[in-house]
Every structure is written in structure tokens, then in C-alpha cells.
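In what follows, chains are A, B, ... by sequence order, proteins preceding strands, each numbered from 1. Every heavy atom of this structure was used, including side-chain atoms; hydrogens, water molecules and symmetry mates were not.
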2 protein chains.
Amino acid sequence: MATIRDVAKAAGVSVATVSRVLNETGYVHEDTKKAVNLAIKELDYSPNEVARSLYKRKSRLIGLLLPDITNPFFPLLARGVEDEMRDHDFRLIFGNTDEDAEKEQDYIQTFQQNNVIGIISMTNTLSKTTYNDLSIPVVFLDRTASSLPSVYADGKEGGRIAAQELIKRGSKCITLIKGPAHLQTALDRFQGSLEVLSSSDVNFNVMSTTSFSFKDAEKWAKDLFQKYIDTDGIIASNDIVATAVLHEALRIGKSIPNEIQIIGFDDIPLSSLLYPSLSTIRQPAYEMGREAAKLLIRLIKNDKKIDHNIQLPVSFIERSTTRKVDEHV
Amino acid sequence: MATIRDVAKAAGVSVATVSRVLNETGYVHEDTKKAVNLAIKELDYSPNEVARSLYKRKSRLIGLLLPDITNPFFPLLARGVEDEMRDHDFRLIFGNTDEDAEKEQDYIQTFQQNNVIGIISMTNTLSKTTYNDLSIPVVFLDRTASSLPSVYADGKEGGRIAAQELIKRGSKCITLIKGPAHLQTALDRFQGSLEVLSSSDVNFNVMSTTSFSFKDAEKWAKDLFQKYIDTDGIIASNDIVATAVLHEALRIGKSIPNEIQIIGFDDIPLSSLLYPSLSTIRQPAYEMGREAAKLLIRLIKNDKKIDHNIQLPVSFIERSTTRKVDEHV
DNA sequence: TTGAAAGCGGTACCAT
DNA sequence: ATGGTACCGCTTTCAA
């Protein structure tokens, strides 16, 4: 690996000059610039980011925290973050936290030790103050953080839409699955649906659940069909849960969407691959990732602690677990 | 952020001494060690990895290259890599390459600029020599690289098993979907199946495809059922393709698994969530990721260029797109 | 317009 | 057993 000194020697100038042409800072004569660039090319030199980082006390690395990359919702977000960051020559260090505070803390520490210039977090196990004390900008993604910059989808509206679409398509007895109470995003969806359901004239039940895991969801799905036999419409807390419900419905011989309609939330890739394919409320995950990255970059540049919250719109993706609206009415 | 100098001052010793207790190298009196550790605690000091990396010319960062984290097969591998690396206090910088040589080259360069101590690559767009010239150890994952360390599953055996299971379960006319020719792993599976099929007394067709994309696979699936109407068993090149085939079969009213049996490859999380759930040849993706990480760590420690290839066993996961073996016979 | 040199925060050699 | 200090590769004053 050639160093800046090698380049300087080869070009017959000082390292300071090389540094100037590298960073396009200060005055450099055209001829010297040419000579330097030639030397750079010949030596196939590229600057050592570590040395830069040490001097500047900040790298071009971003820390990315997510609960579990294995959960199909997060890769979409992560990919959005990465693409945007790449466009600005930032790279990502990432860590799966499993919603475990210790892991999260751990990763944050090594992020700092590596001079990351900012953090995007899709977890919120740790208290907001932990993040606030960090001295580097943080953006929350898919997490609403009132006092900190964050990017998330309009879950409440999503919840409303889900209820409206089900009602519009003729469901008379709806079961609303309420996701984990500690996740604000899950709560928003729930409240949106509840709002619409409450002011409508359909019957509905609420079923509380405590996770988004498929295994758990399978059990709840069984419960659901035993307890609420009249159910003809289900609003699931997300697509994974909706899938479990769909599975169970099919297993016990319900006809979808004729006897039972199902709406999920997220629109993970899986949803379109199911059979029947899953109608769902789409969160623009990839775009959310990109937005979070953009926001973080702005924070990095401004170096201010702006409290900016970006809410992206959701949309109803009509597939085959809901009836066509014409068919009915 | 406290520095080693702050600690030294607080403990009334030199930075050299602090460094010694930090790294547990050389002699340090018990009492001084205690004083230093106390200072560290009080100042909440943790060493600057960037400075370390600069001096040592190697960091504790690993570069991870994958085609697309959005493809459900890769998160499993990535998670395996991460968990193992975390156990050894390594962190990951990752990059999606989209099988694009330029992106791949680009990431490799920034990996080097950041002093990564090793690379795990799940892509092979670039020539092997590019990797060979790298001066840092590289392990290929889910890619067979004859001259370089790599970890992959026994695709050939997987192909054999798939064919055997289908035959055992009574398929008489099998369509074998051959995946992209440029992927050795896809080829292995194909050849394994071909081998068994050739020496059996069932009829079979081979259908060539050029990608693992679901969109493309949907078209091929349509073709398949038009061209090979007698097909009563399908060996797909992976689970995504199998899903498309399943979708199409259901759409045109085929009964699964009675009229048509389907076997996939990979066992991505999606497979068990389909309805009917997909029988498939499982690659132990998570374990493969961990093995790759272990291998890389060994290479880092030995600092030798060992050419080590680790092949992990595959297994048949019996679900609902294949008939029970008793039912038939 | 250019160069010398201090310093970023560690590590490790050489003395003592 | 401990301290002084050169050095890792770069950036940025400050002088010339």
C-alpha cells in the first residue's frame, strides 16, 4: 500500500501538497496538481481512511442497529439506508441487537470507538437519553422517538385504511389483532383501526398479542378461530401474523376471501408470494431507509441537533385475501 | 472522550503503562494495575480503535460482501457470520454488490482503506485473482472457489436427494429446472439431480433458466406447464423458483402434491410459510455463515494462506408439496 | 504556491 | 516494573 509520502516523493513535492490536491483544499499550481495526480495513478494510491479518521476524529462510517436482519422487514430498510449512504460515500457497520439492551449498548460503544460519524437505529430497547448523550447524530428508523430525529410510516392511517377496506368489502364481524404494546408503531396501527371500527356499525373483537414471531402467531391464530367463530375479517398486526392467520384459516378449511378476509401490515416480499397472496398495508420500507439516511446526512452536515420527524405515507395493496369491491355491495 | 493520556495522568503513570494493562502485555505491578483500572473506570475510558488500527495497520473490522440483503437467503448467512464474529469482538462493514463488478471492486477498496482484517464474500463477479492479490485473507461463502478458502453446502448431494425423494414418492415425469449456469452452486444441484434421474427409469425434462428472480420464475413456470404437460414432479433450482412454480400450479388448478410434487432448494424462511408449505433441500445457511467466520478467524490468526474448503451437508425437509412416502408405493 | 512540523491516540521498543 | 519517545498515515496551521 502506497502512502501519501510515496506519492509526495514520486511527484517531487511535499505531503502537504499531495494532501491539498487530494482534498481540493488551498492553492495548488495546475502543473503540480497534474504531477501529483500522475503519481497517484502510477502508485495506485488511495488514502488511508483510518489515518484520516484519527486526525479528524470522525470517519466515513455509519453505525446501523437493527433487531434482526433475519426478519424480512429489516433488509428492506437496511438496503435503503445502504444505497443512500453509498451515494454519499459512507459505509455501514451493522449490528443485530435482538432487542437486547446489552448488545445494543455494546454495539454503540464499538461504533464510537471506531469514530462512526452517525448512527441509524431501528431498535429502541435503550432509553432515549442514552442516545441523546451520544455526541454523534442519531436517527431512528421505524421507531417513533418524540425528542429525536426519526423516520417512520403513518401507522395510524394504515390502521384506519385497513379497517375501512375491510368494512367496504363487507366484513361484518372483524377481529383486530393488537401487536406488542411496547412498540409505538404497533400501537398506532391498532389505534387507527380501533378508531374506524368504533365509529362503524360492524361488530369487532380485539385480540392482544405480545410478539411478531410466526411461531407465537400460529398459536394465537388457532385461538382466534376457536374464540371468535363468527369472524369474517381479520386485521393482523403485521404480515407475519397475517400469514399465520391465513395458514390456519386454510388449514381449517375456510374459504379466502369469501368467508374470511385478511389484511396484513408492512408488505414484506413474502406477502405477494403467498397463495392466496396477501392484501396488506404497505410501508415504503426501502424509501424509509433512504429517508433516514438522508436525514442523518443532513444532521451530520449541519452539525445541529435538529429534531426532525419524517412520516411516510402507507398504502393499501389489494391482493387476494380481500374481496373485490365490486363483487360486493 | 477520554484518551490514554488522561488515564495516565489520572493514575499517575505513563501512557506506556496504561497501554500495558490495557493489552495485558509486559510486566505491571498489581498496585499500578489497580490504579490504572480505577482511572479507566472513573473516566469511562475505552481505547480508540482507530488509533490502534493506524499503528497496527489492521483493525477489528471485517468486510462482508453479499449480492443483495433483500434476497431472503442472505440474511441467514449474514447473521451466522455476525454472531460468530461478535463472539470474537470483530465488527462487520457490509456492502450489497448486486452482482455488479464495479460495486464489488469499490467496496473492496474501501474495506482496505479502512484496514479491514479480512473479507467474507458471497459474490464472485470478480476474478479470483483480484481476491488473491488482496494481502488480507478472504473466505468465500456459498460460493465454491477452488483455489481459495470457501464454505458451501453439498449441492450435488442435495440435487441427488431431491431426485431420489421425488422418485421414491412416485413421480414418473419430472421436470428439472436448471439454474443460472454461471453459478457453480446451481450447477452442482443440477448435476446431482441429473445423475440420479439419468440412472432411473422415470422420464424427465430439463428446463434452463438464467436467474433466481421471482418475476422471471413466474414466466418460466407458465412455460413449464404449457410445454411439459405430463409433468408430475418438479425440482426447482431454489425456493424462490419453487414458489413461483407452486403459485402457477395452484393458479391453473393442479392439486398439490397429488398431481404434482415440488421440491425447492435452500429452505429460506418463506418456504415453511407457504401454503401448502414447501418441501425442500435445506442448506444450513446460518451454520455456513458461522463456519465461514470461524475459518476466516483461523486464517487471520495463522496469517497463512491455507486453502481450506468446508462443505456442509444438506438435508431433505419434508413438508406438504411432496406426498408421504407411505401413501404411495 | 509550497513545505515543515505538530498532532490525532494509540503501541512498542529501548532505557533505566 | 516503569517511562520516554518514535512512529502509524494523514490534515492543517504557520512561515516562507
Can you tell me if B/D83 and B/Y286 form a side-chain donor-acceptor pair at under 3.5 Å?
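Note: B/D83 and B/Y286 side chains meet the donor-acceptor criterion.
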Is the closest side-chain donor-acceptor distance between B/E104 and B/T123 under 3.5 Å?
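Indeed, the side chains of B/E104 and B/T123 share at least one donor-acceptor pair under 3.5 Å.
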Below the 4.0 Å mark, does [N] have OP1 or OP2 next to a side-chain nitrogen or oxygen of [X]?
| X | N | result |
| --- | --- | --- |
| B/T17 | D/dT2 | no |
| A/R52 | D/dT11 | yes |
| A/T3 | D/dG9 | no |

Could you list the donor-acceptor pairs under 3.5 angstrom formed between side-chain atoms of residues 31-40 of chain A and any protein atom two or more places apart in sequence or on another chain?
{"unit_1": "A/D31", "atom_1": "OD2", "unit_2": "A/H29", "atom_2": "NE2", "d": "3.4"}
{"unit_1": "A/T32", "atom_1": "OG1", "unit_2": "A/H29", "atom_2": "N", "d": "3.3"}
{"unit_1": "A/T32", "atom_1": "OG1", "unit_2": "A/H29", "atom_2": "O", "d": "2.7"}

Name the residue closer to the 5' end of DNA chain D, choosing between A/P47 and B/S14 according to the nucleotide with the nearest heavy atom.
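The residue closer to the strand's 5' end, by nearest nucleotide, is B/S14.
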Which is more 5' along DNA chain D, the nucleotide nearest A/Y45 or the one nearest B/G26? Just name the residue.
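Final value for this comparison: B/G26.
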Taking any atom closer than 4.0 angstrom to a non-hydrogen atom of chain B, what span of DNA chain C does the protein reach, first nucleotide to last?
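Listed 5' to 3', the contact boundaries are C/dG9 to C/dC13.
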Could you note down all residue pairs passing ring-ring contact (aromatic ring centres under 6.0 Å, His included) where residues 50-76 of chain B supplies at least one of them, sequence neighbours left out?
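Sorted result for residues 50-76 of chain B: empty, none.
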Closer than 4.0 angstrom, basic N to acidic O: yes or no for B/E99 and B/R143?
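Yes, this pair counts.
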Does A/I117 offer a backbone N or O that forms a donor-acceptor pair with the side chain of A/R60 under 3.5 Å?
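Here the side-chain-to-backbone pair does not exist.
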For [X], check salt bridge (charged side-chain N to carboxylate O under 4.0 Å, His left out) against everything at least two apart and list the hits.
| X | answer |
| --- | --- |
| A/D98 | A/K103, B/R79 |
| A/R290 | A/E84, A/D87 |
| A/E102 | none |
| A/E49 | A/R52 |

Residues from residues 28-42 of chain B lying under 4.0 Å of DNA chain D - heavy atoms:
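Listed by number, they are B/V28, B/H29, B/T32.
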From [atom1] of [X] over to [atom2] of [N], roughly how many Å is that when rounded to an integer?
| X | N | atom1 | atom2 | answer |
| --- | --- | --- | --- | --- |
| A/K9 | D/dG9 | NZ | P | 12 Å |
| A/I4 | D/dC8 | CD1 | P | 14 Å |
| A/L22 | D/dT11 | CG | C1' | 10 Å |

Can you give me the closest heavy-atom contact between [X] and [Y], atom names plus distance?
| X | Y | result |
| --- | --- | --- |
| B/V139 | B/L295 | CG2-CG, 4.0 Å |
| B/A285 | B/L76 | CB-CB, 3.6 Å |
| A/L64 | A/A78 | CD2-CB, 4.1 Å |

Between the first and last five pairs of the helix from C/dT1-D/dA16 to C/dT16-D/dA1, the angle of the axes, rounded to 10 degrees:
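Comparing the axis at each end, I get an angle of 50°.
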Can you pull out the residues from residues 105-115 of chain A that lie within a 4.0 Å heavy-atom distance of DNA chain C?
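Listed by number, there are none.
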Sugar-phosphate, base or nothing in reach of B/V13, heavy atoms under 4.0 Å
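Here B/V13 touches the backbone only, sparing every base.
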Tabulate atom names and distances for all N/O pairs under 3.5 angstrom spanning the protein and nucleotides 12-16 of chain D.
{"unit_1": "D/dT12", "atom_1": "O4'", "unit_2": "A/Y55", "atom_2": "OH", "d": "3.1"}

With sequence neighbours excluded, tell me which residues meet ring pair (Phe, Tyr, Trp, His ring centres under 6.0 Å) with B/F111.
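In terms of ring pair (Phe, Tyr, Trp, His ring centres under 6.0 Å), with neighbours along the sequence ignored, B/F111 is linked to no residue.
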A/Y131 and A/F140 aromatic centres sub-6.0 Å
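Ring-ring flag for A/Y131/A/F140: true, centres closer than 6.0 Å.
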Would B/R91 pass as a cation-pi partner of A/F94, given that its NZ or CZ must be under 6.0 Å from the six-membered ring centre and within 45 degrees of the axis?
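No, B/R91 and A/F94 do not form such a contact.
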